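Only this structure's heavy atoms are used, side chains among them; waters, hydrogens and symmetry mates stay out. Nothing here was measured: the structure is a model prediction, and the numbers come from that model. In what follows, chains are A, B, ... by sequence order, proteins preceding strands, each numbered from 1.
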Amino acid sequence: MSKKECIAMLLAGGQGSRLGALTRGIAKPAVSFGGKYRIIDFALSNCSNSGIGTVGVLTQYKPYLLHSYIGTGEAWNLDERGGGVSILPPYATETGGSWYEGTADAVYQNIGYIELNDPEYVLILSGDQLYRMDYHKMLDSHIAHDADLTISVMPVAWEEASRFGIITKDEDDRVLKFTEKPTKPDSNLASMGIYIFKADLLLAALKEDAIDQQSEHDFGKDIIPKLLGDGKRLYTYEFNGFWRDVGTIASFHETSMSLLGEQPEFDLYSKDFPIMSNASTRPPHYVGPNGEVTDCLIANGSRVYGTVKHSILSIDSYVGERATVEDSVLLPGARVKDGAHVVRAILGENSVVEENVNLGSVDQTKDTAVIGDDVVVGKGEE
Amino acid sequence: MSKKECIAMLLAGGQGSRLGALTRGIAKPAVSFGGKYRIIDFALSNCSNSGIGTVGVLTQYKPYLLHSYIGTGEAWNLDERGGGVSILPPYATETGGSWYEGTADAVYQNIGYIELNDPEYVLILSGDQLYRMDYHKMLDSHIAHDADLTISVMPVAWEEASRFGIITKDEDDRVLKFTEKPTKPDSNLASMGIYIFKADLLLAALKEDAIDQQSEHDFGKDIIPKLLGDGKRLYTYEFNGFWRDVGTIASFHETSMSLLGEQPEFDLYSKDFPIMSNASTRPPHYVGPNGEVTDCLIANGSRVYGTVKHSILSIDSYVGERATVEDSVLLPGARVKDGAHVVRAILGENSVVEENVNLGSVDQTKDTAVIGDDVVVGKGEE
Amino acid sequence: MARAIGLITTNYSTKNPSALTEERPVASLPYLGRYRLIDFPLSNMVNAGIRTVGVVMPYNYRSLIDHVGSGKDWSLDRKNGGLFVLPGTAFGTSRTGARFLLRDIEHNKVFLERDTAPYVVCSASNIVCNVDYHALIDAHEASGADITVLCQSADGADEDITKFDVNDGRVCGVSHGVGFGDTAFLDCFVISRDLLLNLLEWFSAVDYLDLFEALQNDFQRFDVRPFMFEGYAAGIFNVRSYFRHSMDLLNPSIDDQLFMPGRPVLTKAHDNPPAKYERGSHVCNSLVSAGCRIRGAVSDSVLGRGVIVESGATVRNSIVMQSCVIKSGARVENAIVDRNNVIPARTELRGTPEAVLVKGKGEVTE
Amino acid sequence: MARAIGLITTNYSTKNPSALTEERPVASLPYLGRYRLIDFPLSNMVNAGIRTVGVVMPYNYRSLIDHVGSGKDWSLDRKNGGLFVLPGTAFGTSRTGARFLLRDIEHNKVFLERDTAPYVVCSASNIVCNVDYHALIDAHEASGADITVLCQSADGADEDITKFDVNDGRVCGVSHGVGFGDTAFLDCFVISRDLLLNLLEWFSAVDYLDLFEALQNDFQRFDVRPFMFEGYAAGIFNVRSYFRHSMDLLNPSIDDQLFMPGRPVLTKAHDNPPAKYERGSHVCNSLVSAGCRIRGAVSDSVLGRGVIVESGATVRNSIVMQSCVIKSGARVENAIVDRNNVIPARTELRGTPEAVLVKGKGEVTE
């Protein structure tokens with residue numbers, strides 16, 4: 001792929017309000033995941049592994065941590081001269097500034113960036129999904145179909161279909177119909193929100209959409225139906241691997257747990273397609289003389305003196321003597337002190353569970369317990 | 001200086017509308033200057049040369065070029081782990097986003113960045129001034145006075161004084177009076193818009209100012225008078241070197257010309273305090289067999305076949321056979337074709353003066369001619 | 001602007017070579033799962049704000065340059081300053097004791113001449129410690145000494161450590177080998193850049209000597225003072241001390257002296273996922289690096305990056321380096337297993353606590 | 001992912017050494033004011049999207065590693081891949097002709113083994129050209145050849161250039177020295193990584209040979225094809241060719257073949273201000289680098305970074321390298337002046353167009 005054949009626009013502006021306490025201080029793509037990663041690592045690693053060296057990251061909500069985490073992009077090998085990662089926040093022009101109003105509007109406002117790079121194709125991505133995809137293969141399919149727009153799709157359970165944008169296609173994979181959240185789906189192919197556009201077509205569509213008073217400026221709600229109605233060549237690219245949107249506490253917990261076990265659906269250890277991250281430099285973790293660890297992921301800098309089962313301990317976690325942690329996720333710096341018991345919980349960054357506190361419940365009908373970043377849970381506050 | 005003793009907040013949001021055609025597509029701090037520099041190079045080099053390794057750059061207006069130019073900050077040796085240059089655009093929070101309204105408001109909105117770095121002192125700078133200053137010396141003076149705020153000042157001609165914020169001080173350099181643009185100045189010490197604050201005092205002052213409905217949220221108009229009124233310890237630091245705000249076409253032209261000559265006021269060649277820049281990689285410039293060059297600065301990649309006098313040719317400039325350029329500034333990529341004559345003009349980036357065209361006038365009463373970026377001046381359009 | 005530049009020496013051979021140091025200088029010996037010995041002096045310098053560091057290269061510089069690379073991981077890939085690779089002299093490889101060979105420094109004099117910082121902090125690379133060089137330089141400035149040497153009160157006998165005789169706060173003699181309570185040299189000192197350049201000139205006739213050997217008879221003339229360091233310091237001179245000082249770190253209170261928030265030990269970054277413990281694993285009193293996958297039993301051991309311990313395999317009181325695979329049912333005990341080894345199923349690799357077994361590097365298979 | 005990795009060789013000596021190559025390998029010879037010869041193969045690789053480049057180091061690697069440093073200026077300071085410094089063998093320094101010494105490549109086999117890219121682009125570093133390696137690799141892929149060698153039709157006799165005998169599009173012989181119209185080797189070729197590794201094994205008994213010497217009798221067995229390059233290429237083998245090919249660049253149409261928008265020649269960045277012409281300067285038909293300050297007369301010359309030509313001084317038909325000062329009234333003509341020389345006032349340094357005078361490096365004074 002030549003350097004500017006295809007650039008990516010990565011939508012990372014979301015607040016992720018359904019993640020509650022985990023996104024109080026940071027944007028959703030910056031939330032810690034899988035012990036040493038942050039959610040945006042997956043999309044950035046996909047870009048890097050797919051040979052897409054120019055990535056615009058559209059940010060808007062509380063961006064400090066995200067900006068400093070992305071830095072130069074070097075952690076993902078995306079620090080090329082004349083390319084690499086560019087942070088694209090809202091900005092002002094002679095006529096004032098405006099905030100991103102929808103996914104399409106965010107890209108529209110950065111048409112200047114696309115024009116500057118002058119690519120043939122533009123890949124639109126979301127920064128808050130977990131999956132491993134070779135976008136280059138999707139691009140090959142896009143080119144082979146001479147498509148105007150290729151939408152990445154995956155089959156979902158029929159009962160789930162009404163939660164997604166659903167696509168009906170013909171046998172040549174051409175899109176016949178696109179319906180956002182249909183009540184009676186006639187297909188179970190769901191759009192993953194990953195698009196490849198011909199660049200000139202995208203620019204034209206965005207400009208047209210921008211002056212449309214009726215539009216909500218959203219790719220799914222506005223741009224795609226419009227292009228379909230105009231008879232453009234829309235094709236699907238079917239993906240069959242692991243894919244998750246960790247948009248809620250429940251899905252965050254469930255997806256975290258799916259990394260565990262003998263044959264996890266998502267293999268962090270694949271060498272061909274590594275997930276890269278901007279990890280801090282911390283020493284190997286230590287398991288103490290009475291430590292007991294089974295079915296876990298444990299990141300550097302952690303110390304385990306108690307018992308940890310079926311859990312994820314992120315960087316610099318601490319589990320004290322006689323403490324137990326089960327079915328839980330400790331985000332970076334979380335501390336479970338001596339004798340405390342934590343089950344089915346997510347502990348935010350640098351949060352503390354004080355000695356002998358019991359937190360969470362094994363009762364699956366109850367919500368997963370969530371402790372926000374920097375929160376200290378003392379006796380009586382469980 | 002320990003790493004986070006002092007951080008800098010560099011105000012680079014200005015549109016610079018008085019620079020007209022030169023800032024149509026880019027922010028004022030990104031305007032090319034001195035052959036191979038951009039205006040912001042001077043402030044960034046000062047930070048680097050003063051040992052201030054953490055610099056927040058507050059941007060707002062058309063930031064692409066500025067962002068990509070600043071990049072990782074490596075060009076100014078400001079790409080430290082845990083420090084370096086951070087671009088600080090406006091951003092959104094749970095309650096929505098807002099644009100920077102004044103200099104103080106811009107810093108106020110980035111209190112989070114200051115708190116994150118937790119410095120003892122904060123240096124406030126402007127990204128559109130040309131000077132060479134060791135901020136560390138100013139900081140030493142600030143500490144020696146145990147000042148709450150130190151304002152850098154310089155003596156100006158009395159007849160100019162009413163254009164500036166004017167300070168009256170006592171013999172210990174303590175500020176007695178501060179007046180924005182006084183009609184009858186009682187001092188000729190002008191504020192240069194360079195401040196060092198005690199960090200906690202700054203944060204308190206900004207928070208107080210933010211809720212003040214009467215305030216314009218400007219350091220000069222609001223913050224300084226308020227602190228002075230409150231009896232805080234405000235001191236001056238006197239600077240006596242070269243200092244220019246290139247805010248208008250006339251001052252841009254005049255300041256450019258002041259780099260020329262045997263003993264220019266501003267010496268680009270000082271090795272102790274180098275002006276660094278993110279220069280593109282271009283070969284040495286070429287002077288042709290009939291070229292004639294005198295009293296000029298010429299940057300890499302240029303080609304000169306004609307006659308150039310008392311002018312600045314930026315990167316990749318071109319002056320054709322029999323063409324003449326005098327008292328002019330060619331910004332990067334500007335081309336003066338065969339037989340054209342250019343005098344007292346500023347040619348924007350990649351602009352073209354077609355063959356045999358005459359541009360500009362030696363008449364000092366007329367305005368300096370300005371050609372915008374990418375503009376082509378043909379016969380009959382002069 | 002900067003107060004000091006750094007100079008790290010690596011161009012000397014070990015007195016007691018082993019399979020571990022056959023193909024690599026001591027400076028690039030893997031340590032504690034993810035580090036190399038040079039990380040410690042390099043991080044100490046960077047943490048003290050030193051941004052110009054020269055590394056005198058050994059003859060077999062491949063592993064060292066592979067590790068330090070561009071200097072990026074230490075923020076030393078800078079436009080000005082940064083990491084300078086300084087060729088060592090061929091002579092260095094034949095000297096075992098000389099950690100600051102004059103000839104090596106003389107050969108790279110231009111590195112010293114080009115800079116303008118007043119001081120040079122020099123360090124060898126086989127003593128592991130996390131030291132605040134700011135305090136060392138402050139002490140040097142305050143005392144007005146010519147040279148300030150980083151020292152520690154010896155906690156036992158060690159024939160490989162340099163001993164300083166100290167009288168009234170000044171060094172008056174130097175010799176090899178320390179006993180309990182002696183002033184042990186941590187192979188690190190600070191000196192003014194000008195004086196170092198002058199010394200190179202004065203001692204040019206004896207440039208085959210170590211700087212402190214050359215100074216031997218000049219302690220009247222030069223004011224050399226010790227700066228006593230109280231924290232953890234571990235000299236790595238042979239397999240025995242390597243093993244012992246690796247195992248030291250199974251004590252978290254010693255870890256805390258090497259790894260602290262304000263002064264991180266920086267090393268080359270890798271993309272290893274967190275360590276994975278499968279059902280049935282049993283791990284205790286061990287340090288485990290990223291990328292490990294453990295189904296077996298591990299105790300009193302240090303595992304490097306990406307080590308795989310299959311089910312039924314046992315690792316006890318051992319150091320297993322990067323990318324080794326301990327196959328099902330295999331047993332590793334009282335051993336040091338260098339990188340890339342595969343220990344076949346149901347085999348044993350056992351030394352004794354007194355005589356640790358060393359298995360040299362395996363073949364790269366990835 | 002990446003199609004090719006790069007391998008640059010620098011570990012060979014020049015047949016006709018001069019003051020210019022006394023202390024530096026040809027690869028780090030300054031060229032055209034701001035470049036070093038290695039910039040050209042390095043930039044060609046980077047411009048073709050190659051992000052993993054190994055450089056086989058010469059014995060005297062100081063100037064080379066000073067220049068390439070972290071690889072940052074070529075975007076090669078990468079987390080994965082990037083610039084690899086590969087130690088050359090001591091043997092290489094004694095060979096003059098062998099640009100692709102098997103022993104040097106064999107010695108660094110692990111560099112080739114670790115990667116997964118299908119192809120390797122190999123280049124020496126004394127031929128200046130700006131080539132699209134994409135096209136070279138495309139041609140290699142399309143033809144199915146075992147090795148594709150970058151060649152040019154010779155525009156004159158040159159005893160230092162390798163000549164290929166070509167029959168029906170295939171190389172059938174190799175020898176030293178070309179005449180007008182011969183197929184001249186530009187010391188650059190592409191080969192599959194696997195085949196190169198196999199060749200190293202097959203030729204292990206003759207690893208003191210150059211790859212193409214070793215292939216001499218095997219052109220039936222291996223399909224070696226030339227890829228003809230039409231642009232400007234300049235082989236730098238001695239003072240004469242160095243001077244001539246520097247002066248070539250005073251022709252802007254040749255400049256345009258070396259310096260083009262899409263394929264920049266990347267080099268180490270420096271903070272030199274623009275060149276300054278004072279009143280009274282007279283400069284024609286010359287290339288002038290950043291940081292120069294000119295009061296005197298310069299014609300038909302190339303000036304390196306930061307050269308000062310004082311008033312009344314004259315530089316004619318000469319190459320003056322970085323940081324030289326031509327004092328008032330001095331005269332430099334038909335000469336090559338290496339870095340850091342000060343030519344005293346009212347002195348002359350004159351060669352003839354046929355016998356250019358070479359003045360070796362001066363002392364660093366800054």
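Contact of C/N108 with chain D is made through backbone and side chain together, with heavy-atom distances under 4.5 Å.
Put simply, of D/K72, D/M57, D/R78, D/H270, the one with the most heavy-atom pairs under 4.5 Å next to chain C is D/K72. Among C/D271, C/V68, C/L86, the residue making the largest number of heavy-atom pairs under 4.5 Å with chain D is C/D271. Ranked by non-hydrogen atom pairs under 4.5 Å with chain C, the options D/S70, D/G71, D/G69 are led by D/S70.
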For a side chain to side chain contact (heavy atoms under 4.5 Å, CB included) check, start with the C-alpha distance between C/I65 and D/I65, then their side-chain angles and the critical distance, and finish with the verdict. CA-CA 11 Å; C/I65 213 156; D/I65 212 156; 3.6 Å; yes
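The shortest heavy-atom contact between C/R62 and D/H107 is NH2-O, 2.8 Å.
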